[in-house]
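Take a look at the structure set out below.
One-based numbering, in listed order, for ligands and for the atoms of each.
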Amino acid sequence: MRIGIVGGAGRMGQMLIREVLGSKGATLAGATERPGNPALGRDLGTLVGLEPAGVVLTDDAAALFAAADAVIDFTAPAATLAHADLAVAHGTALIVGTTGLSADDHARLAQATVKTPLVVSANFSLGVTLLAGLVRKVAATLGPDWDIEIVEMHHKHKVDAPSGTALALGRAAADGRGVDLAAVKDAVRDGHTGARKPGDIGFATLRGGDVVGDHTVMFATEAERLELSHKAGSRAIFARGAVRAALWVAGKPAGLYSMDDVLGL
Ligand code: NAD
């Protein structure tokens, strides 16, 4: 399985290169960065603190898609859409970890899945994939008198809020209740907000330090509160899940897949 990495000099990109180099059954097909990135031309092994890999970082995404069976993309929304076009053009599978995608962006990715397989997840960790399933079940079981609030914390460099994972957990809770998240989402509270609207799903965002990703979903009613939490200790868990998805997607028909599919849940 030849796996390519786009955004190879990024925080996740470097983790992904390391993970592919250490994975049985996977070969590193190459990695790209934006034109002008200072790491262009560097050996991918030494770039991530390992032995030389004999493959260098380039800005030629088309060549990477031509050379790879699957490409893993943890970059930025505009780049991910361009990569989806290349995945279609070359029949390459695409694993998308980029967050902050709009509804339109998701619709563009869905178009690509008519031609080639895509695995899209806001969180590639095993724990969060299981957490989303639990949240869906708990939300379906508890009545509307239970208020749902989602709290997340990430490192100070994160540019989108609430996190893609918090939104995915919100969608899982809304699914469980049989409602559309967009209709009940309350992500900004400041000043005189009035009382909480029944049925809303609230979000609170914390940013600071080097926190990899903490998420808690709270279910609160009179005199009782249930909290389901996940804490990520290292970005390696996302890289591990994404490489597992790349190995799993080999030979799958065109279509949109999730981490639930990869884990057989
Ligand atoms: P980062 O800024 O460190 O890395 C992104 C990299 O992409 C940068 O090096 C940038 O130069 C590169 N890039 C941008 N446009 C490009 C293009 N056209 N071609 C090639 N490279 C390009 O960010 P990060 O912390 O690694 O996170 C990247 C994304 O992954 C974010 O959206 C983040 O929220 C998401 N993320 C998802 C998960 C998950 O499990 N789904 C986990 C962690 C991070």
Side-chain angles (χ1 to χ4, degrees), residues 4-19 29-42 44 47-48 56-65 68 71-87 92 94-102 105-106 109 118-132 152-169 171 205 207 209-215 230-246 257-260 262-263:
I5 309 294
V6 285
R11 281 178 292 257
M12 277 307 302
Q14 294 192 36
M15 280 284 171
L16 287 159
I17 290 171
R18 220 172 282 136
E19 189 66 28
T32 65
E33 257 300 337
R34 291 193 266 223
N37 187 291
L40 287 173
R42 293 225 11 222
L44 298 179
L47 177 70
V48 301
V56 298
L57 189 70
T58 77
D59 59 5
D60 190 349
L64 179 67
F65 277 81
V71 168
I72 306 179
D73 183 334
F74 283 61
T75 57
T80 297
L81 293 181
H83 292 141
D85 290 342
L86 287 172
T92 315
L94 185 64
I95 313 300
V96 177
T98 304
T99 65
L101 296 161
S102 68
D105 296 341
H106 278 290
L109 289 184
L118 263 67
V119 184
V120 182
S121 176
N123 194 307
F124 276 92
S125 87
L126 173 64
V128 166
T129 305
L130 292 171
L131 174 62
E152 58 106 335
M153 180 159 188
H154 281 84
H155 54 89
K156 62 188 172 194
H157 305 291
K158 186 160 179 63
V159 294
D160 52 314
S163 71
T165 301
L167 292 168
L169 292 170
R171 270 192 298 278
T205 298
R207 292 284 176 267
D210 61 354
V211 177
V212 174
D214 292 354
H215 293 88
H230 178 269
K231 289 181 169 50
S234 156
R235 282 190 179 80
I237 61 172
F238 309 123
R240 207 182 302 145
V243 171
R244 185 166 167 172
Y257 300 99
S258 68
M259 268 313 266
D260 279 2
V262 173
L263 299 172

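For atom 39 (C) of ligand 1, the closest heavy atom belonging to the protein is A122 O, 3.3 Å. From the protein, the heavy atom lying nearest to atom 35 (C) of ligand 1 is G97 O, 3.6 Å. For atom 40 (O) of ligand 1, the nearest protein heavy atom (residue, atom name, distance) is F124 N, 2.9 Å. With hydrogens left out, the protein atom closest to atom 18 (N) of ligand 1 is A79 CB, 3.3 Å, a heavy atom. At the shortest separation from atom 25 (O) of ligand 1 among protein heavy atoms lies R11 NE, 3.0 Å. Protein heavy atom at the shortest distance from atom 38 (C) of ligand 1 is F74 CE2, 3.4 Å. Nearest to atom 22 (C) of ligand 1 among the protein's heavy atoms is R34 CG, 3.5 Å. Remark: minimum distance from atom 29 (C) of ligand 1 to any protein heavy atom is reached at T75 O, 3.4 Å.
Not a single heavy atom of G164 sits less than 4.0 Å from an atom of ligand 1. Heavy-atom separations between K158 and ligand 1 include at least one value shorter than 4.0 Å.
Checked by distance only, ligand 1 and G13 stay at 3.5 Å or farther apart across all their nitrogen or oxygen atoms. Polar contact with ligand 1: absent for T32 (N/O pair, distance under 3.5 Å). Checked by distance only, ligand 1 and S121 come closer than 3.5 Å through their nitrogen or oxygen atoms. On a distance-only criterion, F238 and ligand 1 share no N/O pair closer than 3.5 Å.
Between L57, L16, T99, it is T99 that holds the heavy atom closest to atom 34 (O) of ligand 1. Considering each of E33, M12, M15, the one bringing a non-hydrogen atom nearest atom 9 (O) of ligand 1 is E33.
Which parts of ligand 1 touch G10 is read off a 4.0 Å heavy-atom cut-off, strictly below it: atoms 3 (O), 4 (O), 6 (C), 9 (O). Short contacts between ligand 1 and T98, defined as distances under 4.0 Å to a heavy atom of the residue, involve ligand atoms 32 (O). The contact set between ligand 1 and G7, taken as ligand atoms under 4.0 Å from a residue heavy atom, comprises 7 (O), 12 (C), 20 (C), 21 (N).
Taking CG of L81 as the start and OG1 of T75 as the end, the distance is 9.0 Å to the nearest 0.5 Å.
Around CZ of R18, the count of heavy atoms belonging to other residues, nucleotides or ligands within 6.0 Å exceeds 12.
Between F124 and F74, the ring center distance clears the sub-6.0 Å criterion.
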